[in-house]
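Heads up, the thing below is written out as structure tokens.
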Amino acid sequence: MQTAGALPLAGAASAAEATPDYLAQLGVAPIINAAGVYTMMTASLMRPECVRAIAAMSTKFVRLDELHDAVGKKIAKLLGAEAAMVPSGAAAALTVGTAGVLTGTNPDFIQRIPDLTGMKTEVIIQKSHRFPYDHMVRNCGVKLVEVETREQLVKAIGPQTAMLLFLNKADHLGQVKMKEFVAIGKQYKVPTFNDAAADVPPVENLLNPIKLGFDLVCCSGGKGIRGPQSAGLLAGRADLIRAARLNTSPNSDTIGRCCKVNKEEMVSMMVALESFLNEDHKALWKEWETRVETMRRTLSRVRGLKATPFVPEIANSVPHLRVQWDGKKLGLTELDVMKQLREGQPSIELVPTNPKPGEGVEIASWMLQPGEAEIVAGRMEEILGPKA
Ligand SMILES: *Cc1c(COP(=O)(O)O)cnc(C)c1O
């Protein structure tokens, strides 16, 4: 232990000397992420063990398919799914998963898609579940058929129906809820696909749709799970996972060849999931609440500010703080304050909402690093507090 303790110290010092400050060299400002897991803000920071997995894997050659089989098997076991794979994110999962549903293992179909000659052509989705990422499903050449009621959904199912698509976080918006949706898929023998990309924690939001019997479920790797940004999870029926694998890298003539996952991220993703599932979620939650309370205490002291803790419903369902004020009295709108925080030193990003006057700004606690809750609250006090 003693020798082991001495070595990393020396190693860390020389590594620090050897590692250039890339951001400074490039003139790119690092930001304080009080927004949450947004791709445009690089979402989450990878767990240290994920970075170690990447470094370890970077020194070895393997047969990629063999590694993917083994990683998929391990992930499936962790998730309680029949099978699983690592796509290059949840968006990629939507494309390769849909492609698998459409082509099966037919090599001609795999080469032909998005030309759907000989294949089914329609995916049914509830109107309230339409989302920007359904473009990844449309990449496969299918037409999305929108429905609202259960009756419309059942009536829309026909010989051309390839799949039923569900957006996990929109469950409360649609008339057909998750359980019933899966049951309809089973009754009419149409595969169901649930996108739960940004919905963990809690971990149940990923495990429940799998347990409920969705044929495919996807999740981002680099959001709440804090794995690699360009990786994700696709879990479900073994035949569909097999078909999805055939529709992506390393297979060249496929729609998903552009969704490559390298060996480093594949293993790192597995490590991230394992850590995520074994994490002390209660302790983390407490830590996030402490950060919110730190900011609330500072900001509720400021005259004219109202600071209220809240937890969003499904996606990003972690402790946040809402800060409201009378824009006329303070002479600042929400967007003014967000801009000043962004342009300040250090640069701070809040939840990228587009609030109407009075609605307030939202601060996410979970991506803040030690000491940053104090900095965010302090900067907001400077901007919104009484001027000397
Ligand atoms: C973020 C997100 C995606 C894309 O996930 P990536 O892992 O970044 O590819 C897909 N669907 C939903 C609902 C998302 O929130």
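Order of listing sets the numbers, starting from 1, for every ligand and every atom in it.
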Linked, directly or transitively: M295 and I375 (ILVMFWY side chains, under 4.5 Å): yes

Hey, do the aromatic rings of F193 and F166 have their centres closer than 6.0 Å? no

Side chains of T254 and N247: is there a donor and an acceptor less than 3.5 Å apart? no

Report yes or no: do E264 and S58 form a side-chain donor-acceptor pair below 3.5 Å? no

Between R150 and the options E180, Q126, Q175, the side chain to side chain donor-acceptor pair (under 3.5 Å) test singles out E180

Is it true that, when you exclude K263 itself, more than 12 heavy atoms of the residues, nucleotides or ligands shown sit nearer than 6.0 Å to its NZ? yes

Any protein N/O atoms within less than 3.5 Å of an N/O atom in ligand 1? List the atom names and distances, or say none.
unit_1   : atom_1 : unit_2 : atom_2 : d
ligand 1 : 5 (O)  : S220   : OG     : 3.0
ligand 1 : 7 (O)  : A90    : N      : 2.9
ligand 1 : 7 (O)  : S220   : OG     : 2.7
ligand 1 : 9 (O)  : A90    : N      : 3.1
ligand 1 : 9 (O)  : A91    : N      : 2.9
ligand 1 : 11 (N) : D195   : OD2    : 2.6
ligand 1 : 15 (O) : K223   : NZ     : 2.9

